[in-house]
Amino acid sequence: MRIFDPHIHMTSRTTDDYERMAAAGITAIVEPAFWLGQPRTSVGSFTDYFDSLVGWEPFRASQFGVRHHATIALNPKEANDPRCREVLDLLPRYLEKDGVVAVGEVGYDSMTPEEDEVFAAQLALAVEHELPALVHTPHRDKARGTERTLAVVAESGIEPGHVVVDHLNEVTVGLVRDSGCWLAFSIYPDTKMSPPRMVNILREYGLERMLVNSAADWGRSDPLLTRTTADAMLAAGFSEDDVDRVLWRNPVDFYGQSGRLDLSDVEKEATFAGNSILRGGS
Ligand SMILES: [Zn+2]
């Protein structure tokens with residue numbers, strides 16, 4: 001089994017995680033730039049962080065047989081801090097880099113006017129650089145946040161097929177489905193989406209434009225939940241081809257729109273026969 005986790009923050013994870021992921025078949029990942037918990041007070045902190053996302057982290061991943069790409073943006077939370085605003089001027093330089101496959105995470109945290117402005121500016125950058133955009137939806141007031149997100153996306157002129165709206169659930173899936181954007185779901189150990197809930201959504205809404213990620217970061221999260229979801233799909237009667245579509249071909253199709261996705265190393269290794277060490281663990 002081959003698995004592509006399209007949203008995971010490996011900067012916050014250990015080498016043990018990389019080893020366990022590779023053993024479970026998770027051999028391709030995208031790491032979006034995000035909020036590190038501790039507020040950053042200057043643009044220089046972002047420069048160092050972005051450099052590690054396109055330099056050190058892909059190197060570290062490669063030591064464990066995992067192919068790493070990144071998305072770059074000023075995250076919604078820090079869009080509210082005037083000290084971070086200059087990050088917008090830094091972005092064009094990073095959006096030209098080979099390993100950068102989208103603008104992201106952009107979108108809303110608390111839905112402030114500052115977030116409006118930074119979100120729209122970054123969607124414009126995505127259009128200008130002909131890159132897809134990864135859009136985070138707020139964890140509070142999700143339905144209203146998702147509606148507003150889709151309105152800003154529509155206004156920006158970006159093609160809906162170039163946008164993935166992330167952290168969806170049963171309440172917001174229908175809204176995004178009708179917009180033509182891609183739909184992403186973050187599977188967490190105890191809050192938000194779980195593997196069984198994800199399987200139900202796939203049953204109801206089908207596999208088209210669907211992405212599943214672990215969004216694992218510095219909080220309580222689990223980098224193997226993409227694999228657990230794949231196993232739950234098989235147990236629920238989905239075929240191996242269905243699993244491959246949602247957990248490999250869909251993210252390849254979405255991020256492949258950047259023209260920069262290079263999976264030549266891992267595609268050779270990945271076979272569907274794969275290991276089954278986690279089978280039944282869902
Ligand atoms: Zn994230």
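Atoms within each ligand, like the ligands themselves, are counted from 1 in listed order.
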K.L.:
Looking only at N, O or S atoms in H7, which is nearest to the Zn ion (ligand 1)?
P.N.:
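Among the N, O or S atoms of H7, the one closest to the Zn ion (ligand 1) is NE2.
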K.L.:
Within less than 2.8 Å of the Zn ion (ligand 1), any N, O or S from H167?
P.N.:
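Under 2.8 Å: H167 has no N, O or S contact with the Zn ion (ligand 1).
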K.L.:
Check the surroundings of atom CG in D98: do more than 12 heavy atoms from other residues, nucleotides or ligands lie under 6.0 Å from it?
P.N.:
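Not buried by this count: 12 neighbours or fewer within 6.0 Å.
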K.L.:
Do other residues, nucleotides or ligands put more than 12 heavy atoms under 6.0 Å from the CD atom of E86?
P.N.:
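No - once you tally the heavy atoms of other residues, nucleotides and ligands closer than 6.0 Å, there are 12 at most.
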K.L.:
For a distance under 2.8 Å, tell me if E105 has an N/O/S atom near the Zn ion (ligand 1).
P.N.:
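So E105 counts as coordinating the Zn ion (ligand 1), yes.
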K.L.:
Scan side-chain atoms only and decide if R140 and S110 contain a donor-acceptor pair under the 3.5 Å cut-off.
P.N.:
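A donor-acceptor contact under 3.5 Å links the two side chains.
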K.L.:
Only N/O/S atoms count here: what is the atom of H9 closest to the Zn ion (ligand 1) called?
P.N.:
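When I compare the N, O and S atoms of H9, NE2 is nearest to the Zn ion (ligand 1).
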K.L.:
Please examine the side chains of R85 and E117, heavy atoms only from C-beta on, and report whether any two atoms are closer than 4.5 Å.
P.N.:
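Side-chain contact under 4.5 Å: yes.
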